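The structure appears below as structure tokens.
It should be emphasised that the depicted structure is a prediction, and the values quoted were computed from it without experimental measurement.
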Number of protein chains: 2
Amino acid sequence: MGKQAVTIVDVAKAAGVSPSTVSHALSGKREISRPVKERIFEKIRELDYRPSFYAQAMKSNSTGMIGVVVNECRNPGTSLFIDSLAAELEKYSYKIVVGLAGLNHRKGAELLRHFSAGLVDGVFNLLPQITPEEAQVLCGSTPVVTNIRDRSIPIRLDYDKLTWTILHYLRDLGHRRIGYISSPTRDPRRPDSEATRQIMAEFLQKYGEEFDPRLVVEGDDSIEGGVSGTEQIMNHGDVTAIFAGNDQTAFGIYRWAYLNGVQIPDDLSVIGFDDVPQAATLIPPMTTVRFPVQEIVAHTVKLLIAKLRNETLPPGQISLEMPLVIRNSVADRNPCSRKSWNKTISGKQISTLNPRERTSTERSMTCQ
Amino acid sequence: MGKQAVTIVDVAKAAGVSPSTVSHALSGKREISRPVKERIFEKIRELDYRPSFYAQAMKSNSTGMIGVVVNECRNPGTSLFIDSLAAELEKYSYKIVVGLAGLNHRKGAELLRHFSAGLVDGVFNLLPQITPEEAQVLCGSTPVVTNIRDRSIPIRLDYDKLTWTILHYLRDLGHRRIGYISSPTRDPRRPDSEATRQIMAEFLQKYGEEFDPRLVVEGDDSIEGGVSGTEQIMNHGDVTAIFAGNDQTAFGIYRWAYLNGVQIPDDLSVIGFDDVPQAATLIPPMTTVRFPVQEIVAHTVKLLIAKLRNETLPPGQISLEMPLVIRNSVADRNPCSRKSWNKTISGKQISTLNPRERTSTERSMTCQ
DNA sequence: CTGCGCAATCAAAACGTTTTGACGGTTGTT
DNA sequence: AACAACCGTCAAAACGTTTTGATTGCGCAG
């Protein structure tokens with residue numbers, strides 16, 4: 001529409017110098033004499049000149065911005081990730097652009113394309129529906145990393161082991177029929193719910209028990225999805241514990257329980273995933289898995305920055321733990337309470353809010 | 001750094017036409033013959049050409065993006081607002097850029113300046129620390145609207161009346177010493193906590209009681225701030241109810257209560273503000289104020305769009321209600337329970353999650 | 001056969017920067 | 001006194017688009 005209010009040429013004219021001199025005064029890439037420099041800066045202030053972001057971006061062919069595409073911001077796990085990402089990227093003086101795709105696959109794809117047309121220097125794809133490969137295609141030559149499923153991220157997160165640990169933990173406390181509500185996924189290589197079904201089947205096989213696939217349902221990372229997922233699962237009787245793919249969904253389990261007069265943990269045990277701050281504020285405080293956002297973001301950002309600079313990261317993966325943070329949403333259903341994981345640790349767990357302070361106790365929970 | 005992968009010139013060369021022809025084929029602003037057009041589009045696909053966002057922005061001097069600056073995303077009220085904003089702006093085919101300022105005033109100001117240097121066409125300032133006037137200065141000629149305090153927004157939200165309603169509601173249920181945890185503010189004209197102090201004093205005066213200013217403290221919109229704010233308030237004895245400037249802070253009250261073995265609502269009543277989805281998942285479900293995000297966002301966006309188009313909005317303010325959503329976090333402390341607002345309505349309230357379904361009941365609560 | 005209007009395409013300018021090579025002028029070295 | 005080195009400044013080109021007036025070639029009416 002209209003022209004930019006005041007340009008570098010206006011400043012140059014006002015100060016009686018050439019535009020390039022103003023540019024140099026601003027960037028400091030060449031020496032400018034004291035009096036001239038002062039005159040320039042005076043005019044800049046006077047005219048309230050702001051270098052056009054776009055002209056700069058066009059010259060340098062880089063924007064200092066990183067795009068992050070998510071389903072929606074309202075999921076506390078997502079917003080935590082975003083905050084964390086912004087904080088980490090700031091160290092490299094990058095800003096972030098958040099793209100909200102909703103639950104719409106097409107819109108997500110569009111957003112990725114849009115972003116990678118020079119709007120940002122790099123992209124974080126946090127959409128579970130879009131695979132790393134698909135994202136790479138959509139982003140063309142713009143570096144992109146996809147969540148934590150991206151092979152190129154030097155982090156190993158052992159979800160299978162985690163599932164195993166949770167199942168073990170629950171069984172140890174006397175739970176037999178266990179439900180799971182997953183995140184939505186379209187990754188053909190690793191459909192979240194399918195993978196979990198498989199592990200649950202394997203796990204039960206060990207005990208010579210049969211697996212009921214109806215106890216694993218796919219949610220949509222929302223509270224409502226958690227409520228209806230719980231409803232579905234509870235229809236199949238005798239379920240005493242449900243774990244969820246994220247805390248938001250787990251909140252839905254709480255909600256369902258309240259609406260149906262079911263007590264947590266006495267009647268139904270719950271385990272979440274993410275360990276968002278709100279998880280500790282529930283009553284009873286929710287047992288959940290601490291997703292190491294900070295570390296993951298730190299490493300992922302490092303990778304992205306390396307890609308941006310055309311550097312290559314020193315090889316070698318690090319393995320990150322996802323400890324079970326034991327609070328009070330899982331009941332011990334054993335007739336005579338034997339050495340229960342729950343009772344011994346929960347006292348200390350619940351007394352702190354800050355994840356950092358809990359590390360020592362958590363670690364022990366992840367060893368097998 | 002490097003050049004853009006493939007430009008319009010490359011496409012033009014490949015198709016044997018001039019760049020302007022390609023541009024016209026793309027924009028459709030001039031007729032291009034069938035065969036040429038097809039050749040062009042073929043090459044575009046073949047080379048995976050994407051028009052440079054920045055070059056386009058520079059020509060049109062507009063980006064199709066709106067910036068929104070917030071403290072942090074992790075506050076569910078904030079993320080809800082962001083989601084809502086994105087959805088609304090999409091109708092006008094604007095995208096959003098989210099800027100995270102943390103609790104840092106300087107960074108917020110920087111972000112606003114940065115945004116308004118052509119990065120976005122308009123700005124939403126959601127920082128409570130930055131006043132509409134300050135924001136306007138920082139943004140220069142870029143249109144900006146500041147949260148809901150902006151005089152130019154055609155919405156009237158009567159916070160004073162709301163505070164009055166809450167105080168009334170609580171007093172009616174037998175609460176005498178009432179605490180408040182505010183949002184952080186630097187607005188000299190309307191310091192949030194100060195305004196509330198004043199109203200509380202007026203309210204108590206009506207009953208010939210004295211007001212204890214120590215019962216109003218300033219939070220930082222975080223759970224931790226809620227915990228420590230509650231701690232401070234509870235130090236001054238006999239407080240039976242606390243209301244908060246937002247739900248995130250109210251979660252902190254729940255947290256404090258749990259950590260200190262205090263029962264909600266029996267020992268301490270809580271009222272939040274925002275009505276984020278998580279508020280209903282707490283046990284007991286939290287009584288809170290429904291902040292009409294949807295409507296506010298709709299109107300505010302309308303205003304911003306008008307500013308962008310240099311149009312002027314038809315005058316006339318609309319008044320939006322902020323109904324108290326009564327759930328179960330407030331106790332009736334009257335010896336013999338007389339007509340209590342709580343008991344009569346809560347049954348219906350808690351049975352639904354979707355705010356839309358609650359409207360009729362809510363309204364009645366706001367009529368003084 | 002000339003001239004006109006029209007459709008399709010092109011060439012050039014513009015947007016606001018940064019960058020680079022060039023140009024005077026001063027200073028310092030022999 | 002001559003020359004090199006250097007400093008401060010400038011002019012011009014470049015970045016990838018869009019836009020606009022100009023230029024073709026064509027069919028068709030006079």
To the nearest angstrom, how far is [X] atom [atom1] from [N] atom [atom2]?
| X | N | atom1 | atom2 | answer |
| --- | --- | --- | --- | --- |
| B:L47 | D:dG16 | CG | P | 15 Å |
| A:L26 | C:dT18 | CG | P | 7 Å |
| B:K13 | D:dG16 | NZ | P | 11 Å |
| A:F53 | C:dT18 | CZ | C1' | 15 Å |
| A:K59 | D:dC15 | NZ | P | 7 Å |
| B:N61 | D:dT17 | CG | P | 17 Å |
| A:Y54 | D:dT18 | OH | P | 15 Å |

When you measure from the side chain of [X] to the backbone N and O of [Y], does any donor-acceptor pair fall under 3.5 Å?
| X | Y | result |
| --- | --- | --- |
| B:D83 | A:E72 | no |
| B:N104 | B:A101 | no |
| B:N125 | B:V68 | no |
| A:D121 | A:G64 | yes |

When rounded to the nearest 0.5 angstrom, what is the spacing between CZ in B:F41 and CD1 in B:I32?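 It is 9.5 Å, given to the nearest 0.5 Å.
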Heavy-atom side-chain proximity of B:V144 to B:S116 below 4.5 angstrom: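 With C-beta onward as the side chain, the pair stays apart.
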Is the distance from OP1 or OP2 of [N] to the nearest side-chain N or O of [X] less than 4.0 Å?
| X | N | answer |
| --- | --- | --- |
| A:K29 | C:dT19 | yes |
| A:Y49 | C:dT17 | yes |
| A:Q56 | C:dG16 | no |

Can you list every pair that meets salt bridge (Lys or Arg N to Asp or Glu O under 4.0 Å) and has a residue in residues 109-119 of chain A, with sequence neighbours left out?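 Only A:R106-A:E110, A:R113-B:D48 qualify under salt bridge (Lys or Arg N to Asp or Glu O under 4.0 Å).
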Is the shortest side-chain N to carboxylate O distance from A:K95 to A:E90 below 4.0 Å?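 Result for this pair is no, no salt bridge flagged.
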So, are A:K91 and A:E88 salt-bridged, with charged N and O less than 4.0 Å apart?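 Yes.
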List, with names and distances, any nitrogen or oxygen atoms from the protein found under 3.5 Å away from nitrogen or oxygen atoms belonging to nucleotides 4-11 of chain D.
residue : atom : partner : partner atom : Å
D:dT9   : OP1  : A:S33   : OG           : 2.9
D:dT9   : OP2  : A:S33   : N            : 2.9
D:dT9   : OP2  : A:S33   : OG           : 3.4
D:dT9   : O4   : A:R30   : NH1          : 2.7
D:dC10  : OP2  : A:S18   : N            : 2.8
D:dC10  : OP2  : A:T21   : OG1          : 2.5
D:dC10  : N4   : A:R30   : NH1          : 3.4
D:dA11  : N6   : A:S20   : OG           : 3.1

Rounding to 10 degrees, work out the angle separating the end axes of the helix from C:dC1-D:dG30 to C:dT30-D:dA1 (five pairs an end).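 One end axis against the other gives 70°.
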